[in-house]
Amino acid sequence: MAADPITPRLAAVIGWPVKHSLSPLLHRTWAAREGVNGHYIPVAAEPTYEAFARACDALRTLGFAGCNVTLPHKEHALRYAASATPRAEKAGAANMLTFAPDGPKADNSDIAGFAAALRETASELEPGRAMVLGAGGAARAVVLALAEMGFSPIVVANRSRDKADAVAALAKRAAAIDWEAREEPLAGAAVLVNATSLGMTGAPPLEISLDRLPKKAVVAEIIYAPLETPLLDAARARGNRTADGLSMLLHQAAFGYRAWLGEKAVVDADIRRVLEAEIARRAA
Ligand code: NDP
């Protein structure tokens with residue numbers, strides 16, 4: 001696509017709150033690198049469906065190509081869409097809306113984003129047992145990604161057991177266990193994923209011993225603030241390979257960028273450095 005100097009391509013992220021989103025920096029950096037005349041803005045919409053729909057209507061009127069959707073609107077995005085990909089339907093949530101002429105189309109790139117982050121760390125990983133901590137929106141995407149990648153069985157532990165049961169029901173070879181039993185399935189596991197908000201800046205720490213986890217297992221984190229969580233530190237210290245939450249963030253964002261703004265969205269050390277610097281600036 002040749003850059004049009006007059007008419008910018010427009011995209012956004014809708015959330016509540018949204019001002020801490022790293023997506024505008026990420027998309028603008030990719031656009032600048034590729035010479036694309038693109039803008040990507042944060043849009044705050046209060047946590048009701050009506051507020052979300054109003055924000056989307058406004059963006060469509062203004063000619064936006066699409067938007068990312070973050071908490072608490074990922075289910076609202078699916079409701080707003082005229083159509084959705086099978087992945088978004090299955091996840092019951094969408095983090096992307098593309099404003100097509102025949103109506104808004106919902107997609108979920110958290111699933112492919114997590115899979116890409118895991119492959120980046122360990123492309124040859126044998127898809128054995130996977131242990132997933134958490135059963136929120138992000139955990140749903142993680143479980144669907146692991147199932148698509150062939151991990152089996154997938155064990156889901158969550159503080160609220162009913163939510164663990166619901167997430168485990170997303171995949172054929174998945175099962176829920178009580179939160180208190182979360183260390184037992186680590187024996188023989190190929191991958192451990194923290195998909196809770198535990199360990200995030202301002203949240204309580206994640207309490208788990210990695211003693212039973214094989215050294216060849218990969219430990220993945222979806223939190224990216226802080227980037228180096230105690231879980232990742234502990235995993236590296238005992239020799240496990242790790243995938244951090246920034247890797248997932250970058251890979252899921254690339255799908256939106258390519259749908260709305262430009263072509264490449266290369267995930268490399270340069271773009272990581274830009275985001276790492278911003279995460280460090282905010283933590284200072
Ligand atoms: P949700 O609020 O939907 O889920 C939060 C999860 O954390 C639930 O499983 C919840 O358990 C668990 N949890 C929270 N507090 C505790 C606690 N004190 N003890 C035990 N479990 C707890 O959030 P999301 O799934 O949307 O997001 C989770 C994290 O993932 C956030 O930090 C978010 O920033 C990050 N994220 C990162 C992405 C990336 O691209 N890297 C993409 C999406 C999200 P319960 O069900 O019992 O409440």
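One-based numbering, in listed order, for ligands and for the atoms of each. Since the structure is predicted, the reported quantities are computational estimates derived from the model, not experimental observations.
Take Glu228 and apply the side-chain hydrogen bond (donor to acceptor under 3.5 Å, both in side chains) test, not counting sequence neighbours, and it matches Arg236. Residues that satisfy the salt bridge (Lys or Arg N to Asp or Glu O under 4.0 Å) test with Arg60, not counting sequence neighbours, are absent from this structure.
Looking at Leu249 against ligand 1, both its backbone and its side chain come within 4.0 Å, counting heavy atoms. Residue-level proximity to ligand 1 for Met248 is carried by backbone and side chain together, each with a heavy atom below 4.0 angstrom. At a heavy-atom cutoff of 4.0 Å, ligand 1 is contacted by the side chain of Lys163 but not by its backbone. Of all the heavy atoms of Leu246, none lies under 4.0 Å from any atom of ligand 1, so neither backbone nor side chain is involved.
In summary, Glu278 and Arg282 engage in a salt bridge, as defined by a charged side-chain N under 4.0 Å from a carboxylate O.
Inclusion of Gly137 in the set of residues having an N or O under 3.5 Å from an N or O of ligand 1 is warranted. Considering backbone and side-chain atoms alike, Ile222 places an N or O below 3.5 Å from some N or O of ligand 1.
Annotation for ligand 1: atoms under 4.0 Å from non-hydrogen atoms of Ala135 are 9 (O).
For atom 10 (C) of ligand 1, the candidate residues are Asp110, Asn158, Thr196; the nearest heavy-atom contact is made by Asn158.
Proximity of Ser197 to ligand 1 is established by a heavy-atom distance of less than 4.0 Å.
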